Amino acid sequence: MLKINNLEVATDNKIILKDFNLIINDGEIHTIMGPNGVGKSTLSRVIMGDPNYKVLNGEMTFNGDNPLLNSGLSNILFSYMGSCCGKSS
């Protein structure tokens with residue numbers, strides 16, 4: 001499960017996301033759509049740990065781990081794949 005609560009993100013001293021909330025349960029597929037400039041790419045970059053984006057507030061968990069503390073979801077996924085699939089990370 002991916003859970004995001006009250007996420008507030010800035011880049012270049014400009015707040016891009018404010019009070020963003022999202023829950024994606026295991027097995028669900030979601031699409032994030034909207035007009036240009038509303039934060040779709042920012043959200044993706046924050047989830048993956050892009051250091052150019054600063055999380056000002058909020059929390060995020062993915063299956064109990066915090067991607068914001070682990071340099072993004074990509075590191076958690078690589079670690080998970082290594083432990084479940086017999087590959088070292």
Side-chain angles (χ1 to χ4, degrees):
M1 170 193 290
L2 175 65
K3 186 174 184 179
I4 300 172
N5 289 317
N6 300 319
L7 191 65
E8 185 173 326
V9 176
T11 187
D12 297 327
N13 295 319
K14 180 179 178 184
I15 295 176
I16 307 296
L17 293 176
K18 186 168 184 174
D19 297 325
F20 182 82
N21 297 287
L22 176 69
I23 296 175
I24 300 177
N25 294 305
D26 290 342
E28 292 181 349
I29 298 172
H30 290 245
T31 300
I32 298 177
M33 298 172 59
N36 291 345
V38 296
K40 300 176 303 291
S41 296
T42 297
L43 176 62
S44 298
R45 290 172 188 248
V46 169
I47 289 172
M48 297 310 287
D50 188 326
N52 295 309
Y53 292 83
K54 183 176 181 183
V55 176
L56 304 174
N57 191 29
E59 61 185 16
M60 181 185 325
T61 57
F62 176 73
N63 291 340
D65 288 315
N66 184 342
L68 300 178
L69 297 176
N70 295 309
S71 300
L73 188 57
S74 59
N75 286 343
I76 292 172
L77 293 175
F78 287 133
S79 176
Y80 171 78
M81 290 177 68
S83 65
C84 81
C85 305
K87 303 204 184 255
S88 59
S89 53

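Nothing here was measured: the structure is a model prediction, and the numbers come from that model.
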Walk me through it: do Ile4 and Ile47 pass the test side chain to side chain contact (heavy atoms under 4.5 Å, CB included)?
CA-CA 10 Å; Ile4 300 172; Ile47 289 172; 4.2 Å; yes
Using links of under 4.5 Å between side-chain heavy atoms of ILVMFWY residues, direct or through other members, which residues join Ile15 in one cluster?
Leu56
The side chain to side chain donor-acceptor pair (under 3.5 Å) partners of Asn6 (sequence neighbours excluded) come to none
Whether the side chain of Thr11 engages the backbone of Asn52 through a donor-acceptor N/O pair (distance < 3.5 Å, no angle test) should be reported.
yes
What pairs of residues pass the side chain to side chain donor-acceptor pair (under 3.5 Å) test when at least one of them lies in residues 35-49, not counting sequence neighbours?
none
Following the transitive rule for hydrophobic clusters with a side-chain heavy-atom cut-off under 4.5 Å over Ile, Leu, Val, Met, Phe, Trp and Tyr, establish whether Leu22 and Val9 coincide in one cluster.
yes
Which atom pair, heavy atoms only, marks the closest approach of Tyr53 to Val46?
CB-CG2, 3.8 Å
Excluding sequence neighbours, so at least two apart, what forms side chain to side chain donor-acceptor pair (under 3.5 Å) with Asp19?
none
For Val38 and Leu17, work out which heavy atoms get closest and say how close.
O-CD2, 4.0 Å
Full working for side chain to side chain contact (heavy atoms under 4.5 Å, CB included) between Leu2 and Asn25:
CA-CA 7 Å; Leu2 175 65; Asn25 294 305; over 6 Å; no
In the hydrophobic clustering that connects Ile, Leu, Val, Met, Phe, Trp and Tyr at side-chain heavy-atom distances below 4.5 Å, which members other than Met1 occupy its cluster, ordered by chain and number?
Ile23
Residue list, side chain to side chain donor-acceptor pair (under 3.5 Å) with Asn21, at least two apart or on another chain:
none
Sorted by chain and residue number, the side chain to side chain donor-acceptor pair (under 3.5 Å) partners of Glu8 (sequence neighbours excluded) come out as none
Note, Asp26 side chain near Asn63 side chain (heavy atom, < 4.5 Å):
yes
Would you call Leu43 and Leu7 a side-chain contact if the rule is heavy atoms closer than 4.5 Å?
yes
